2 protein chains.
Amino acid sequence: MDLGERKRQILNSVISEYIVSAEPVGSRHIAKNLGLGLSSATIRNEMADLEEMGYLEQPHTSAGRVPSDKGYRFYVNELMSDYELNMKEMEMLKSMMQLSVGQMDKVLKTAADFLSQFTNYTAFMTSPEMKQGAIKTVELVPIDSGSMLIILVTNEGVMRNKRVLLPIQVSPEFIHRFSDVLKEKLSGMTLEEINLLKIQEIKEAMQEHFEILFPVIDFISEIIDDVRKETDVYVSGTTNIFNYPEYSDLGKAREFLEFLDDKQSVAQALMEPKKEEEEPEENKSKNKIRITIGKENGLDVMHSSSVVTANYYVGDRVMGKVGIIGPTRMDYSKAVAKLDRISNYLNKILNEFYYEDNKE
Amino acid sequence: MDLGERKRQILNSVISEYIVSAEPVGSRHIAKNLGLGLSSATIRNEMADLEEMGYLEQPHTSAGRVPSDKGYRFYVNELMSDYELNMKEMEMLKSMMQLSVGQMDKVLKTAADFLSQFTNYTAFMTSPEMKQGAIKTVELVPIDSGSMLIILVTNEGVMRNKRVLLPIQVSPEFIHRFSDVLKEKLSGMTLEEINLLKIQEIKEAMQEHFEILFPVIDFISEIIDDVRKETDVYVSGTTNIFNYPEYSDLGKAREFLEFLDDKQSVAQALMEPKKEEEEPEENKSKNKIRITIGKENGLDVMHSSSVVTANYYVGDRVMGKVGIIGPTRMDYSKAVAKLDRISNYLNKILNEFYYEDNKE
DNA sequence: GTTAGCACTCCTTTTGGTTGAGTGCTAACA
DNA sequence: TGTTAGCACTCAACCAAAAGGAGTGCTAAC
C-alpha cells in the first residue's frame with residue numbers, strides 16, 4: 001500500500017518529532033514545522049488517515065498522535081535517512097579505538113561498555129557461540145602433586161580452563177607426556193568425533209595411569225558442553241533506561257531491569273528472530289543490521305522496546321551479536337549509524353587478532 | 001552512657017517494629033505491643049528522651065519515630081538477638097551446598113548470586129586480592145605458528161592467561177623448552193624478585209631466541225599487575241532494592257543503581273573501612289562480620305544504606321570480601337546469620353579445593 | 001481540496017477542605 | 001516523683017471539584 005508523498009512527509013515529521021520530544025505530536029506543530037504551506041486542519045485530516053491505516057495511534061481523543069510499531073517499521077524501512085556522526089561523536093569513537101586488546105572476553109565487554117556510553121541506550125553482547133565445538137588444542141598443566149589444570153582452546157579462539165583434582169599421584173613429567181598425547185590425538189576434533197576408538201588410541205599411547213584418563217575426558221566434554229550451551233550475555237549500561245520517560249514509572253523500570261538482570265531471558269529475547277529465512281527481507285537494514293520493533297519482539301516485557309543488532313565475525317564465521325536495546329521511540333537513525341561503526345571496528349580488531357585461529 | 005532497662009526495651013521495640021513495617025512507629029503502638037503495662041503517654045516521654053539522646057528521629061512533628069544511625073548502631077551492638085534459620089531457610093542453604101565447584105571465579109559468583117537470593121538484598125563479592133603477587137607456576141602453550149598462550153597461576157589459586165603474538169617464528173618444541181625454563185626459574189617468585197639477575201639466568205638457560213623473552217616478561221608483569229590492582233567487584237541482585245520502600249522514589253532508585261553499576265565506586269565504598277585498627281572494637285560483630293551503618297559509609301550515595309561484610313579465606317589469608325548492601329532499615333539479625341552461614345560454607349569449599357596451593 | 005471556526009474531550013494541575021495518626025504539654029492522680 | 005488522661009495542635013495523605021489547555025472532529029465556507 002503506497003502512501004503518497006504528502007502522507008510520507010507528515011508521517012516522517014511526526015515520528016522524527018516524537019523521537020526527540022517523547023510527547024504526542026499535534027497537527028498544529030506539524031503544520032508549523034513542516035515547510036509545506038498547509039494548515040493544521042489539513043494535517044489533521046491526513047493524520048486521521050494515517051491513524052486509520054495503522055501508522056499512528058492516539059493515546060486518547062484529545063491528545064496528539066504517537067507512532068505505532070507499524071509506523072516505526074515504515075519509518076525504519078522507508079523514511080529514515082542515514083545519520084552522519086558529528087565531530088564530537090567521531091572523537092569518542094576514536095578514543096575507543098585506542099583501547100588495548102587482550103583477552104577476547106575483555107575486548108567484547110569493553111566494546112559493549114563503549115557502545116552503551118556512545119548510544120546512551122543499553123548495550124548487550126552475546127558471547128561467542130561455539131557452534132562446531134572443535135578443539136584447537138588441549139594442554140595439561142601440573143599445579144601441585146594433587147591437581148592439574150586442563151586448558152582448552154577452541155576453534156574460535158575461546159579459551160577455558162578448569163582445575164582437576166587427580167585421583168592418583170602422578171609425576172609432573174607424566175602429566176607433560178599425557179598432555180602431549182592428548183594434544184596430538186585431540187587437536188581438531190569435535191566432541192562428536194571423540195569416540196571409543198579415539199579413547200582407546202589415547203589409552204594405548206599413554207601406557208600407564210589409565211585411571212586419570214576418564215576424569216580428564218569427562219572434564220573436556222564438560223567444558224566443551226559448557227561453552228557450547230553457554231548463552232552468556234553481557235549487558236552494559238542498564239541504568240541508561242532512566243534517561244527515557246517511558247521508564248519513568250517505577251513498575252516499568254523495575255520490570256525492565258529485572259528482565260535485563262536475568263541473562264537467561266535476555267538471551268532468549270535476542271536469539272528469537274533466528275528464523276532468518278522466514279523474515280521479510282525489508283526487516284533487514286543495510287549492512288546486516290537488524291532492527292526489531294516493539295511487539296515484533298516475542299517477550300511481553302519487550303513489547304515497548306526495540307532492539308538493534310549486528311553480528312560480529314571472526315573470519316567469516318558469525319561469532320555472536322552486539323546490539324542495543326531502547327524504547328521503541330529510539331533514534332533509529334543514530335543507533336544504526338553508531339552500531340554500524342562499532343561493529344565494523346570490532347570486527348576489525350577481532351580479525352586482526354584472532355583470525356590466525358581460523359585459518360587453514 | 002547507659003540507657004536503663006526500660007529505654008532499652010522501648011528502643012528495641014521501635015527498631016524491631018520499624019524494620020518490618022518501614023513506617024514511623026508511634027507511642028500507642030509500642031504501648032500495646034510491648035508487654036509492659038505502660039500507657040502511650042509514658043512511652044511518649046521515653047521516646048522523647050531517646051530522641052534527645054540521638055537514638056531516634058522524627059520525620060516531622062506529627063509522625064512516629066524512626067531509628068537514627070546511632071540507634072541502629074546501638075541495636076546492632078547491644079540489643080539484637082541471634083537469628084535462627086527456619087526450616088525453609090535451611091533447605092535453601094542446603095540447595096546451595098550442592099553446587100558444583102569449578103573455576104574459582106564461578107564459585108565466588110555463584111555464592112554471591114545465592115547470597116542475594118537468600119537475603120533478598122543486593123550481594124557483592126570482591127575478587128581475590130593478590131597481595132603478595134607470587135607466581136605459582138607459569139606455562140607457555142603454543143597455539144599456532146604466530147602466537148602462544150601464557151598461563152599464570154598465582155599463589156592464591158588465581159589463574160590468568162593471555163595470548164601473545166610472537167615477534168619471531170619459533171617451533172612448538174622451543175616454546176616447551178622455554179616454558180620449562182620459566183617454570184623452573186620463576187616459580188615462587190614475587191614480581192619484585194624478578195630482577196635483572198634473574199632475567200640473565202633465564203637468558204642463559206634458553207640459549208637462543210632471546211627476542212621473545214622480553215615480550216614474555218612484559219606480559220607476565222602486566223598480568224600480575226592487572227591482577228594485583230584489579231578491584232573487581234561482582235554485584236548480584238541489584239533489582240532487589242525494588243523490594244524496599246526506601247527506594248520507591250525513582251530518583252533514589254536511579255542513583256543507587258547507577259552507583260552499583262559503577263564497580264569502581266562500589267569497590268571504593270567497600271574498601272574504605274580499612275583502617276581496621278582505628279575502628280572501635282564495638283563496630284565488629286562476632287565472627288568477623290562487620291556492619292557499617294548509614295553515614296558510617298563514606299560515600300554520599302550510601303548514606304541511607306548499610307553494608308554487612310565478611311571476609312573469605314584460603315588457608316588463613318584473607319582473599320576478599322562477601323557481603324550485602326541494603327537500606328539502613330535492614331534486618332541485621334537475619335542478615336548477619338545468613339551471611340555467617342554462607343561465608344563459612346564458602347570458606348569450606350575454598351579451602352577444600354584450593355588450599356593445596358597455599359600449603360608448603 | 002483546503003481552511004477557519006467552534007464545540008467537545010480529556011488529561012493535567014491547582015486548590016481547598018477533610019481526615020487521622022501522632023505528638024507535646026498540662027494537670028490530676030497514686 | 002513517676003504515671004496517666006485529656007486536649008490542642010501539627011502535618012502528611014487523601015479526595016473532590018474546578019480551572020486550564022492542548023488537541024481533536026466536524027461543519028461550513030472558500
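The sequence lines fix the lettering, A, B, ..., with proteins before strands; numbering per chain opens at 1. All of these numbers come straight from a predicted model, not from anything done at the bench.
With rounding to the nearest 0.5 Å, the separation of CG in A:Leu11 from OH in A:Tyr72 is 10.5 Å.
Under 3.5 Å, the side chains of B:Ser39 and B:Thr42 contain a donor-acceptor pair of N or O atoms.
The phosphate of C:dG22 (OP1 or OP2) has no side-chain N or O of B:Ser40 nearer than 4.0 angstrom. A close approach under 4.0 Å does occur between a side-chain nitrogen or oxygen of A:Arg65 and OP1 or OP2 of D:dT24. Between B:Ser39 and the phosphate of D:dT4, there is a side-chain N or O to OP1/OP2 separation shorter than 4.0 Å.
Atom NZ of A:Lys7 is separated from atom P of C:dT2 by 10 Å (rounded to the nearest Å). The distance from atom CZ of A:Arg44 to atom P of D:dG23 is 10 Å, rounded to the nearest whole Å. Atoms CE (A:Met47) and C1' (D:dG23) sit 9 Å apart, rounded to a whole Å. One can place CD1 of A:Ile30 at 15 Å from C1' of D:dA22, the figure rounded to the nearest angstrom. To the nearest angstrom, C1' of D:dG23 lies 17 Å from CD of A:Glu57. In this entry the distance linking NE2 of A:His60 with P of C:dT9 reads 13 Å, nearest Å. Atom NE2 in B:His29 sits roughly 17 Å away from atom C1' in C:dT23 (whole-Å rounding). The CZ atom of A:Arg28 sits 20 Å away from the P atom of C:dT2 (whole-angstrom rounding).
The residue among B:Gly64 and A:Ala41 whose nearest nucleotide of DNA chain C is located toward the 5' end is A:Ala41. Of the two residues contacting DNA chain D, namely A:Thr61 and B:Thr61, the nearest-nucleotide position lying further toward the 5' end is that of B:Thr61.
Of all non-hydrogen atoms in A:Ile291 and A:Val76, the two that sit nearest each other are CD1-CG1, 3.5 Å. The heavy-atom pair separating A:Val307 from A:Met302 by the smallest distance is CG2-CE, 3.2 Å.
Nearest nucleotide to the A:Asn45 side chain, out of C:dT3, D:dT24, C:dT23: C:dT3. For B:Leu38, counting side-chain heavy atoms from C-beta on, the closest listed nucleotide (D:dT4, C:dT2, D:dA12) is D:dT4. Closest approach to the B:Ser62 side chain among D:dT10, D:dA5, D:dT24 is made by D:dT10 (side chain taken as heavy atoms from C-beta onward). The side chain of A:Thr42 lies closest to C:dT3 when the candidates are C:dG24, C:dT3, D:dC11. Of all nucleotides listed (C:dT3, D:dT24, C:dT23), D:dT24 comes nearest to the side chain of A:Gln58.
Between A:Lys338 and A:Glu89 a salt bridge is recorded (basic side-chain N to carboxylate O distance below 4.0 Å).
Both key distances under 3.5 Å define a Watson-Crick or G-U pair, and stretches of 3 or more such consecutive pairs in DNA chain D run C:1-30 with D:1-30.
Each of B:Asp113, B:Val266, B:Val322 was compared with B:Tyr234 under the side chain to side chain contact (heavy atoms under 4.5 Å, CB included) criterion, and only B:Asp113 meets it.
Taking the centre and axis of the six-membered ring of A:Tyr55, the NZ or CZ atom of A:Lys70 falls inside the cone set by 45° and 6.0 Å.
In this pair, A:Tyr244 and A:Tyr121 present their aromatic rings parallel. The plane angle is below 30°, not in the 30 to 60° band.
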